[in-house]
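What you see is a predicted model, and the numbers here were worked out from it, not measured in a lab. Each chain gets a letter, A, B and so on, in the order the sequences are listed, and its residues count up from 1.
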Amino acid sequence: MSLQDLLRLDVHEVARGLLGATLIVDGVGGEIVEVEAYAADDPASHSFGGPTSRNGVMFGPPGRLYVYRSYGVHWCANVVCGPEGEGAAVLLRALRPTDGVELMHRRRGVGDERLLCAGPGRLTQALGITGTHDGARVDRSPFRLRLPVREPLIEATPRIGITKASTLPWRYVVRESRWASRGPRRASS
DNA sequence: CAGTGGATGCTCT
DNA sequence: GAGCATCCACTGT
């Protein structure tokens, strides 16, 4: 299936379909290993309640990036999906770094490889994604998004850090990936 | 390893 | 004025 076709599907199918995909921004990026689905009519979604100046991109065509500031400090990036106007999007939460790892280390200021892209705020910082990319297309420079040959094994868990609809298992993670952000009730070791 | 609190800015009521 | 789709530093085991 083409990227364009995938992005028009239901948000959960898009979320699962993006796992294992390669996301590159100006030569820096890696394999997507953790995402969350934010559906239409989802109380936890920024699109709940209709379009505003912040979430406007969510109601535009699929395949655009919805980037917003989180807690006044971090940027978080979503891929808009589903039928245009629906307001659904997939939050990018973690990557397995493959390209431009040196630059990621410099941008993040950490030595631990595991902490480069494990979490939505860390991921955007490592890839250099900011509010200027709000509304940008994921299939155009500086972005490149390549779907996996085969879908990886996937685990579904509750979404992280939300207060509404907090028990729905709409966080999708590549099974056993060591690159995912730490979630609730993850086995200690 | 678990729990807590601070930073910080913008959106929406 | 409240409330965040977060991260980090620091505490106490």
Side-chain angles (χ1 to χ4, degrees), chain A residues 10-12 14-16 18-19 23 25 30 32-60 62 64-82 86-97 104-136 138 154-174 177-189:
Chain A
D10 174 81
V11 64
H12 299 284
V14 178
R16 302 176 79 97
L18 287 178
L19 289 180
L23 174 67
V25 186
I32 300 173
V33 299
E34 177 184 351
V35 298
E36 282 176 0
Y38 286 88
D41 292 329
D42 174 1
S45 174
H46 287 176
S47 62
F48 191 75
T52 65
S53 56
R54 175 177 66 158
N55 67 17
V57 171
M58 290 187 84
F59 293 91
R64 308 284 177 106
L65 234 44
Y66 163 52
V67 184
Y68 70 93
R69 207 192 266 284
S70 171
Y71 290 90
V73 184
H74 304 99
W75 296 104
C76 292
N78 300 252
V79 177
V80 176
C81 64
E86 185 181 68
V90 173
L91 172 67
L92 304 174
R93 286 196 57 93
L95 301 183
R96 174 175 67 84
M104 288 190 195
H105 272 110
R106 257 177 288 154
R107 285 170 171 165
R108 291 273 303 118
V110 297
D112 189 345
E113 295 239 326
R114 287 232 213 170
L115 297 179
L116 286 181
C117 297
R122 292 166 176 164
L123 183 157
T124 55
Q125 187 182 25
L127 269 59
I129 298 174
T130 70
T132 64
H133 297 111
D134 188 39
V138 295
I154 296 171
E155 178 182 8
T157 82
R159 295 175 290 185
I160 293 177
I162 57 173
T163 57
K164 296 169 215 154
S166 59
T167 62
L168 298 176
W170 289 359
R171 168 178 177 255
Y172 300 98
V173 192
V174 172
S177 175
R178 56 187 290 255
W179 303 101
S181 74
R182 236 188 38 180
R185 82 179 105 216
R186 175 162 166 184
S188 57
S189 69

| field | Canonical and wobble pairing (Watson-Crick, G-U, under 3.5 Å) of DNA chain B, dot-bracket with | | value | |||||||.||||.

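- Here the P atom of nucleotide C:dC7 and the CZ atom of A:Arg93 are 7 Å apart, to the nearest Å.
- Using modelled atom types and a 3.5 Å distance limit, the side chains of A:Arg107 and A:Gln125 yield no donor-acceptor pair.
- Taking only side-chain nitrogens and oxygens, A:Thr163 comes nearer than 4.0 Å to OP1 or OP2 of C:dC4.
- For the pair A:Met58 CE and C:dA5 C1', the interatomic distance rounds to 10 Å; values are reported in whole Å.
- Checking side-chain atoms of A:Arg93 against main-chain N and O of A:Ala180 turns up no donor-acceptor pair under 3.5 Å.
- OP1 or OP2 of C:dT6 has not a single side-chain nitrogen or oxygen of A:Ser181 nearer than 4.0 Å.
- Cation-pi geometry between A:Arg114 and A:Trp179 is not satisfied (NZ or CZ under 6.0 Å from the ring centre, within 45° of the ring normal).
- Between A:Leu95 and A:Val33, the closest side-chain pair of non-hydrogen atoms is not below 4.5 Å.
- Between the side chain of A:Ser47 and the main chain of A:Met58, no donor-acceptor pair closer than 3.5 Å is present.
- Of the possible polar contacts, one joining the A:Arg122 side chain to the A:Ala118 backbone as a donor-acceptor pair under 3.5 Å is found.
- The interatomic distance linking A:Asn78 (CG) with C:dT6 (C1') rounds to 14 Å, in whole Å.
- The backbone N or O of A:Val80 lies less than 3.5 Å from no partner atom in the side chain of A:Asn78, so there is not a single donor-acceptor pair.
- One atom, CZ of A:Arg114, and another, P of C:dC8, lie 15 Å apart when rounded to the nearest Å.
- In plain terms, the two heavy atoms of A:Pro62 and A:Cys81 that are nearest each other are CB-CA, 3.9 Å.
- As a whole-Å value, the separation of A:Leu92 CG from C:dT6 C1' is 15 Å.
- Counted within 6.0 Å of CG on A:Asp112, heavy atoms from surrounding residues, nucleotides or ligands total more than 12; the atom is thus considered enclosed.
- Under the stacking definition used here (centres under 5.5 Å, planes under 30°), the residue A:Tyr38 qualifies as stacked on the base of C:dA5.
- Proximity of a side-chain donor or acceptor of A:Asn55 to a complementary backbone N or O of A:Thr52 within less than 3.5 Å is detected.
- Note: CZ (A:Arg69) to P (B:dC12) measures 15 Å, nearest angstrom.
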For nucleotides 3-7 of chain B, print each protein N/O atom paired with a nucleotide N/O atom at under 3.5 Å, atom names and distance only.
none

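- Here the C1' atom of nucleotide C:dA5 and the NE2 atom of A:His46 are 5 Å apart, to the nearest Å.
- Side chains of A:Glu34 and A:Ser181: a donor-acceptor N/O pair is present below 3.5 angstrom, by distance only.
- Remark: C1' of B:dT11 and OH of A:Tyr68 are 13 Å apart, rounded to the nearest angstrom.
- In this model, the phosphate group of C:dC8 is approached by a side-chain N or O of A:Arg108 to a distance below 4.0 Å at OP1 or OP2.
- Contact record, A:Pro120 with A:Cys76: CB-SG, 3.8 Å, taken as the closest heavy-atom pair.
- If you check residues 120-128 of chain A against DNA chain C, the residues with a heavy atom closer than 4.0 Å are A:Pro120, A:Gly121, A:Arg122, listed by number.
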